[in-house]
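Structure, as structure tokens:
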Amino acid sequence: MALDFIPGISKALIATSWRLSTKPYTTNDQFHQEVVEDNTVVVAFRRSFLEKDWFAPANESSFGETKMDPAEFPSMISFSNDVDADARATVNEAFLKSLQLLISPSCTQSVKTLVENMRPRRIVFTGHSSGGATAILAAVWYLETFFTKKCSDFPVCLTFGAPLVGDYVFKHGLGRENWSRLFVNFVTRFDIVPRIMLAPKASTKQALPYALSQLGRTRAPIQENDQTIAGFYATVMKDVETAARQAACELIDGENAFLETFSSFLELSPYRPAGTFVFSTGTRFVEMSNSDAILQILFYAYQSTNEQELSERPNQSIRDHHGYEEMVDSMGTKDVYQLDLNHFLSDGGEYALFDLRLSTSARECVRAAFEAEKKRNDNQSKIETTITKQSTTKKSIEEKLKWIEEEYKQPRCQAPAKGYYDSFKESNDDNDFKANVTRAELAGFFDDVLGLMKKGQLPDGFEGDSDWIKLATGYRRLMEPLDIANYYRHLKNEDTGSYMGKGRRPKRYKHAQKLDEHDLLKSGGTAEKIMASCLSICFWAEVEDLRGKKYDEVTNEGTVEERVTKLENFLIDEKVDDHIFLEGSTVTKWWHSLPEHHKRSSLLQQRMGYTRAT
Amino acid sequence: MEDSRFETSELQASFMMATQLWSDSWSLCDVADRSRSIQIQHIAGIMYVALPEVEITQPDNLVVLEFAGDWSFSALSTSLPSDESPPMVNGAIRDLFVSAALHIQSQIIQGLAMEERKQVVITGHSTGGAVAALTALWLLSQPSKPSFRLLCITFGSPLLGNQSLSASIFRSRLAHNFCNVVSIHDLAPRRNDDLWPFGTFLLCSDNGGVCLDNAASVRRMFLILNSSGTPNIEERPRYEHYVSKLSHQFLISRSFHGGSLSDNSYRAGVALAVESLGFSSDHPSVVSAKECIEAATEITRAPIVRSSELAIELGNVLPSRLEIQWYKESCDASQMQLGYYDNFKVMSKREMKVNMSRAKLAKFWDGVLTMVEKNELPFDFHLGKKWVFASLFYQLLAEPLDIAYFYKYDYSRTKGHYMENGNRHKRYVVMDKWRKEREPQKDKHSRTRYASSTQDTCFWAKLEEAKECLDDMKSESIDEQRRSLLRKKIGAFESYADKLVTMKEVSVDVLARNSSYSVWLKSLREFKIKMDNMVVDDAMEI
């Protein structure tokens, strides 16, 4: 089987990347670059074995982690984790800093300049060890900042023995944007570096500088029976074990109250594998991209079968960090086994698991990781079925939306009706009731989907799928006015305050709006356009709030007069539906209730058919 | 679906044994035992409190747990069914607890003052563990929850109390704070069959461990161990051995010795678990041990499955609720001006239909309540936002109709009023309790318009009582004592209702021109005028 991780990544390109990743530096440069075939540029980042380049000295968190700035990395967040406050991705601060140094304008040799000047068709980010960590973040930065489908090919990131860089949200963000496949991490079986970040700083602190210095020695042989290394190795692996076992328990038994309490007493590493991992075993390569399964492999592939083997592991774990030359050389001659869901379901991944010498309980854990993936996929297909397929007892989601649009909304949006908002708010006839039932059913569906996303029970890519974003946006535009009408019809504002206030607006709409905004942002939408997209629906809530206020009142959001003017400007500038201005519509009635002196100078006069009282 | 299930009891045990938490706890217990004194230590942001083993010579002598006073366990009392015997604990352990608890509490408060993460592990070996558990239970059952997170880890401790204690800890949702490590060779925890376990049990042998977290399964496993005659080996060195051996063997992969292992994950997991308990595959107790572990998984899994089924059912009954809501709105808008409550009493065709929806919803919610009561749902199920709101909306709409139905068909002087004699359905009482449990009443800002549903769901029942009082008042044949009582009652309702109306806590249906309330108010006014006109020596004060 050939290496086909990503189409177009040849063995030669991997070899070049490896050579460049380990090429010595004679200057203070932080990366090497080389143009290869077909206008492809390989950028290899410098590795470091100094403690400060692994854990930022001033960082006080247990794993040296920090949050990514959404202004710089707008995709590295989770929209569903907490709808009210975007969960930002967590990454290792030292690695992030080394990237920031390279993209800052003050840097003499900056990646930014390189990208801007060369405009390569394709760019490969690569690195060994900590250089690989920088490469990962550089690739993310490039994707966020420069990448547009039109003018270039997808970048690629190839790492060799790189430490873990980011957390679950980081991995989720890459998955949502469909970028995961661009990251390929080569890992020799016993290399300790991809495991180091699973241990808290405190437990490795003492031995780390020495261990790093040993890891940095490429030539001189390592002293046998080095006690410091043995201790370091045992400490790291103990923490890897805790992390892997905790993750496995959570995969299988996520709602166990005792485990939750117990785990809350532990310092658990936030870092998770992201992208594709290629492990080398003795006889072949095992390629996998299920993050949960990779985490299990990182622990279990390390187990030995007897004491003799165990005693050799510490040194092997250091040696293997430099074993990539051999791995690169044997590419093309060794088989590549893809340990993905399909293979797993067909043959249980026997070959790969055998090659990695996994024990029975290890296989169970790997199997649990794939079962969880299967469940996510199944959830997705169930949702897709509910959207499109109607049964004898139940209409599909599409049917329901169509009914609201064509049978309910349209007839009510032509004079002499008063618009579907007000018609629904008054709810006088059977169809209003029917629309209300449909509204509640749709809400139930979208709430359930959001619930699944929140619990990570859908594939990461689900939220990034353009069909889903389209459906959710269409749903939001059509149905949110009805929810607002319902809110004010039942005077919920009296119980809990304004619809747009904190914690009132249903999360399904907030979430749909976020996906829409993110989509607009990625396709180059301006801030104004994004703002307008939200207001075009929520202005109903603003009208309802202003109805209850006196013109000269001062509210937390500014004076009523200012708010009225702002709303009027919006109604004029944006293309809002005509039915909003029908006679009897809440908007029209509200506007006419404004004081005479306001109306006299209002820009909405014409729209409202206002004639000055004489 | 069996092939996609996993057996977690062994996995959970290996996870726990992989942590520092369990080895650090044991080390400190060991120091406490040797020095015969309470040990306190801070390790990696966690405060450990270890209680020493104390020799107890008396037999297990149970005493009733107090719900009031200095040593009260008030959180346990709230969920106590009346037909259950009171929770009881070992008297000797209780005495040890009383002598140590205040000291431990003040040590914890002092010790945490400087800590950023407020986490406490209370631990102990043998009787020390039992005192630790009772102390932890006491801290957790104070009226105000402790300001720190608490985990209790015992090693080879005798069981603490009776079945009622175990059940009330489970019902009070405190069981997940307790972890009991028990060697299969240790007889101490399974010596007395009358005592019941609570919390999670980590049973360990030389081969590994198994976790069980429900009392019935733990008891069953104890019986199996008793019958299989595992020898009692001196305990302390055992735990030392497990902690050092099992937690350092993690880098050697474990192979299964019992022949070929099933391809089915679930069965393979069960086989591994049984082996972890030290049973070889030809051991006579293997079959019953397997059954016990399988049953335990089932007991743990069932609540999660049930709660997701319920969520779907809730969606299915939604149209019924919306129908009632729509009915209310059309009543409120109707020319008859009867209002929702009185309109329903008419019981014509539409009301019959609404009544069907009412019955359907009642059936659904009764089902939910029964499950919560029997602890068949996840332990924090009824505190989830979704269910709190769903039950609130249901109650606001449905209870007025229940009251209307009651006064139309069921009420009689002997049966008593809606609010009396348990006539009010239990589901509403429970729902009221849920909401109180979830969030204490907070100050609401005042309303500018009438609420969409009357916020006191029993408003109409109170009105019916006041109505009867007024009717009685009008009859001539009542004595003075009764009259003054009625007067008081009417006055109380009048000011209560008036306050609700002023606060706009009622829905418009209350104020509809022909509603029972409006009618009552009118007749009260007329009655007052009539009384005023009659020359009076006993002036009405109402």
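- For the pair B/Y48/B/H42, no side-chain contact is recorded, criterion being any heavy-atom separation below 4.5 Å from C-beta on.
- The contact between A/E307 and chain B is made by backbone and side chain atoms together, counting heavy-atom distances below 4.5 Å.
- The contact between A/D430 and chain B is made by backbone and side chain atoms together, counting heavy-atom distances below 4.5 Å.
- Among A/F262, A/F445, A/F299, A/Y300, the residue making the largest number of heavy-atom pairs under 4.5 Å with chain B is A/F262.
- Salt bridge annotation for A/E544-A/K425: present, with a cationic side-chain nitrogen under 4.0 angstrom from a carboxylate oxygen.
- Here B/F178 and A/F258 keep their ring centres 6.0 angstrom or further from each other.
- For A/A244, no part lies near chain B; criterion is any non-hydrogen pair under 4.5 Å.
- For B/E329, the part lying under 4.5 angstrom from a heavy atom of chain A is the side chain only.
- Interface remark: of the candidates B/L151, B/T300, B/I153, B/L151 forms the most heavy-atom pairs closer than 4.5 Å to chain A.
- Only the side chain of B/N316 comes within contact range of chain A, judged by heavy atoms closer than 4.5 Å.
- With a threshold of 4.5 angstrom between heavy atoms, B/C179 approaches chain A through its backbone and through its side chain.
- Of the atoms belonging to B/E323, heavy atoms from both backbone and side chain fall under 4.5 Å from chain A.
- The contact between A/N306 and chain B is made entirely by backbone atoms, counting heavy-atom distances below 4.5 Å.
- Considering SG of B/C152 and CG of B/N180, their distance stands at 7.0 Å, rounded to 0.5 Å.
- Two residues are said to be in side-chain contact when any heavy atoms from C-beta on lie closer than 4.5 Å; B/V121 and B/M47 fail this criterion.
- Taking the charged nitrogens against the carboxylate oxygens, A/D483 and A/R508 do have a contact shorter than 4.0 Å, which makes a salt bridge.
- Figure legend: B/R350 and B/W326 shown as a cation-pi pair, the cationic atom lying under 6.0 angstrom from the six-membered ring centre and within 45 degrees of its axis.
- Looking at B/L11, both its backbone and its side chain come within 4.5 Å of chain A, counting heavy atoms on both sides.
- Only the backbone of B/V120 comes within contact range of chain A, with heavy atoms under 4.5 Å apart.
- Contacts with chain B were tallied for A/A368, A/S427, A/A202; A/A368 has the most, counting heavy-atom pairs under 4.5 Å.
- B/Q119 and B/R149 are linked by a side-chain donor-acceptor pair at a separation below 3.5 angstrom, with hydrogens and angles left out of the test.
- A salt bridge does not link A/E553 with A/K549: none of the charged nitrogens is closer than 4.0 Å to a carboxylate oxygen.
- Proximity to chain B (any heavy atom under 4.5 Å) is shown, for A/S264, by both the backbone and the side chain.
- When the candidates A/V437, A/D239, A/I252 are compared by the number of heavy-atom contacts under 4.5 Å with chain B, A/I252 comes out ahead.
- Looking at B/I46, the atoms closer than 4.5 Å to chain A (heavy atoms on both sides) all sit in the side chain, from C-beta outward.
- For A/F370, no part sits under 4.5 Å from any heavy atom of chain B, backbone or side chain.
- Within the 4.5 Å cutoff, the side chain of A/T242 has no heavy atoms near those of the A/E267 side chain.
- Interface summary for chain A: among B/Q20, B/M16, B/R321, the most heavy-atom pairs under 4.5 angstrom belong to B/M16.
- Only the backbone of B/L150 comes within contact range of chain A, with heavy atoms under 4.5 Å apart.
- Within the 4.5 Å cutoff, the side chain of B/R301 has no heavy atoms near those of the B/I304 side chain.
- Side-chain contact annotation: A/K238 with A/S203, donor-acceptor N/O pair under 3.5 Å absent.
- Chain B forms the most heavy-atom pairs under 4.5 Å with one residue out of A/M237, A/E260, A/R363, A/E426, and that residue is A/M237.
- Only the side chain of B/T8 comes within contact range of chain A, with heavy atoms under 4.5 Å apart.
- Counting heavy atoms of neighbouring residues, nucleotides and ligands inside a 6.0 Å radius, atom CD of A/E312 exceeds 12 of them.
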